[in-house]
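Notes follow the structure.
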Number of protein chains: 2
Amino acid sequence: MEQKLRMTHQREIILAELKKNTSHPTADELYEKVKKKLPRISLATVYRNLEILSAAGMIRKLEISGRQKRFDWELTEHNHIYCVQCHRVDNIELEKKNLQPVQSTQRKGYEISGCRIEFYGLCPKCKNIEKKQGVKKMACNPTVLSDKQREVLEALANSTEPCGSKDIAGATSLEPKQISCQVTALKKKGYVASPVRCKYEITPEGKDALN
Amino acid sequence: MEQKLRMTHQREIILAELKKNTSHPTADELYEKVKKKLPRISLATVYRNLEILSAAGMIRKLEISGRQKRFDWELTEHNHIYCVQCHRVDNIELEKKNLQPVQSTQRKGYEISGCRIEFYGLCPKCKNIEKKQGVKKMACNPTVLSDKQREVLEALANSTEPCGSKDIAGATSLEPKQISCQVTALKKKGYVASPVRCKYEITPEGKDALN
DNA sequence: TTGTACATGGTAATCATTATCAGGTCAATA
DNA sequence: TATTGACCTGATAATGATTACCATGTACAA
Ligand SMILES: [Mn+2]
Ligand SMILES: [Mn+2]
Ligand SMILES: [Zn+2]
Ligand SMILES: [Zn+2]
């Protein structure tokens, strides 16, 4: 019944790459790094081995709320804090974790095997971005324009009347299916307005943002 | 810029259905129930409204590790426990939750906005089904360098171009027939690469390993 | 040498969730 | 009253992360 796992070259490289820093990388971040050493490695292999290594207790898998899983080579007990904006994850030490053992009446019949304590908030970087423009808490997008957003905004700036997504597609190098996503983001930032449903125009703020 | 949310029929039914029990349903579990009242409702509408209701603070969205998001109509502060096997989620009360406020030196510059405490284990049902499975163990060859390997590696480190076994033999005290054996072991560890057949060079990992 | 269990790269499929779209609803306004 | 425009809807396509599958490869014990 006992299975022997082999420490293959791929596995070693993945492990070594993970141990290089404390950034709690995702599988695909790790894949990008490992590819420099092993250009022919498959993303599936990275996922597979991260799973195997964590099942074998050699690394930790962090199932932090939200997006991708992240991986941690530090096996000592510690907690994490993540940024709700950029999803960065850092270690955090509790002064003293005196969580009372859960009373059996409160256990609901569960056999408790662990507890995860997870803080969230804004990392230093994102905290500054927020201060700069005083955005509401919900806003999850940085104010910086992406290249795509800038392209869309410039197209709108060059038009004298409200544009539909097809108009924008024609005036930019973007795939039609990317347009609406970009427009939505721009609307959220207040750089684009929709005078009519499915028609968009640049706002004064949007013009400012182009400079 | 203030949004007016309408309490549509769909929204009311979804909310009512959620409040019917304390099972922390997923979006699609809720969809199946709501469909009995509103057979033409779309799954997208359920997702959309759960998102809107939780953004408006009328319900809670639980981003518990693992699979789907779950929803909770109870707004009072409480924690959760989930089953790692069947992903059932129950409420759990902590006797006393005096987590020390995190020291500023430990905050890593974050602006902390909250903390999630989450227990996990096996629910009563799954506890009974549980079966022991052997843990896999990694056949972990030590990455430690033997004296011979170190000698070969140092020879390669001192060369500016890939070496053949004769070059290595000349630069070390080793018998020629031992060389290839050592080189193979080093290759396995990833400390040596073979850019051309029968020529070997040290890798970045190899250089690291020498320190 | 051979059997076999473990691994791999490449790719398709899955799953949960979001985005898009064209068309509705409704209250405020001209 | 007719129009407007923000808000909503169902249907469906698309997305992103992860996993499943498959044919091939490799290590190791017998
Ligand atoms: Mn960590
Ligand atoms: Mn609850
Ligand atoms: Zn951040
Ligand atoms: Zn269970």
Side-chain angles (χ1 to χ4, degrees), chain A residues 1-14 25-31 34-35 38-56 61 63-64 66-71 87 140 162 164-166 168-169 175-185 187-188 193-200, chain B residues 1-14 25-31 34-35 38-54 56 61 63-64 66-71 87 136-139 141 184-185 187-188:
Chain A
M1 199 67 190
E2 204 167 314
Q3 278 175 300
K4 265 187 281 181
L5 296 175
R6 298 177 190 152
M7 183 47 75
T8 61
H9 192 198
Q10 287 86 336
R11 228 161 256 183
E12 269 179 328
I13 299 285
I14 290 168
T26 61
D28 65 305
E29 283 167 0
L30 225 28
Y31 170 62
V34 168
K35 234 179 4 180
L38 301 173
R40 298 192 47 82
I41 200 173
S42 160
L43 175 58
T45 301
V46 173
Y47 269 103
R48 204 167 23 221
N49 283 315
L50 287 171
E51 188 58 44
I52 287 169
L53 287 167
S54 68
K61 176 162 64 170
E63 308 207 352
I64 291 212
R67 335 199 65 178
Q68 291 127 288
K69 287 168 189 162
R70 292 176 172 274
F71 297 87
H87 299 100
C140 269
S165 16
K166 275 158 203 161
I168 300 172
E175 301 287 322
K177 62 183 174 184
Q178 294 183 328
I179 303 280
S180 69
C181 178
Q182 303 306 326
V183 166
T184 305
K187 240 168 86 181
K188 224 175 189 170
S194 176
V196 191
R197 187 130 190 90
C198 302
K199 293 277 180 182
Y200 306 99
Chain B
M1 269 297 148
E2 205 170 310
Q3 273 190 336
K4 268 184 281 180
L5 296 178
R6 297 174 192 157
M7 184 47 74
T8 61
H9 191 201
Q10 287 87 334
R11 227 161 256 183
E12 266 177 330
I13 299 285
I14 290 169
T26 60
D28 64 306
E29 283 167 359
L30 226 28
Y31 170 63
V34 169
K35 238 188 344 189
L38 302 173
R40 297 192 48 80
I41 199 173
S42 160
L43 175 59
T45 301
V46 175
Y47 269 104
R48 203 165 23 218
N49 283 316
L50 287 171
E51 187 59 44
I52 286 169
L53 287 167
S54 70
K61 177 163 62 169
E63 308 207 353
I64 291 213
R67 330 198 62 165
Q68 293 126 288
K69 287 168 188 161
R70 292 176 172 273
F71 297 87
H87 300 98
K136 299 175 184 180
K137 224 185 160 194
M138 191 71 58
N141 340 17
T184 307
K187 241 169 85 180
K188 212 172 178 182

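Each chain gets a letter, A, B and so on, in the order its sequence line appears, and its residues count up from 1.
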Checklist outcome for this item: For A:I41 and A:Y31 the tightest heavy-atom approach is O-CE1, 3.5 Å

Checklist entry - Does D:dT9 have OP1 or OP2 sitting under 4.0 Å from an N or O in the side chain of B:R11? => result yes

Next on the checklist: Starting the side chain at C-beta, find the nucleotide from C:dT17, C:dT8, D:dA20 nearest to B:L43.
Outcome noted: C:dT17

Next on the checklist: Is B:Y47 close enough to C:dT18 that one of its side-chain N or O atoms is under 4.0 Å from OP1 or OP2 there?
Outcome noted: no

Next on the checklist: Does D:dA27 have its OP1 or OP2 closer than 4.0 Å to a side-chain nitrogen or oxygen of A:T8?
Outcome noted: no

Item to check | Polar contact flag, side-chain donor to acceptor under 3.5 angstrom, B:Q10-B:N49 | outcome: no

Next on the checklist: Between P on C:dA16 and CD on B:E29, what's the gap in Å once rounded to a whole number?
Outcome noted: 10 Å

Next on the checklist: Between B:R11 and B:I14, is there a side-chain heavy-atom distance shorter than 4.5 Å?
Outcome noted: no

Checklist entry - On a plain distance test, is the side chain of A:R6 in donor-acceptor contact with the base of C:dC6 below 3.5 Å? => result yes

Checklist entry - What integer distance in Å separates A:L50:CG from C:dA7:P? => result 14 Å

Checklist entry - Once you round it to whole Å, what is the distance between P of C:dA27 and CG of B:L5? => result 15 Å

Checklist entry - B:K69 has an atom NZ; how far is it from atom C1' of C:dC15, in whole Å? => result 13 Å

Checklist outcome for this item: residues 40-49 of chain A vs salt bridge (charged side-chain N to carboxylate O under 4.0 Å, His left out), sequence neighbours excluded, gives none

Checklist entry - Tell me: CZ of B:F71 to P of C:dA16, nearest whole Å? => result 13 Å

Next on the checklist: Less than 4.0 angstrom from a charged side-chain N to a carboxylate O is my criterion; do B:R70 and B:E63 meet it?
Outcome noted: no

Checklist entry - Is there a donor and acceptor pair closer than 3.5 Å between the side chain of A:R48 and the base of C:dG9? => result yes

Checklist entry - When the distance from CD of A:E51 to P of D:dT19 is rounded to whole Å, what number comes out? => result 6 Å

Checklist entry - So what does B:D28 hit on the nucleic acid, given a heavy-atom distance under 4.0 Å: a base, only sugar-phosphate, or nothing? => result nothing

Checklist outcome for this item: Separation of C:dT8 atom C1' from A:E12 atom CD, nearest Å, is 16 Å

Item to check | Whole-Å gap separating P (D:dA11) and CG (B:L38) | outcome: 12 Å

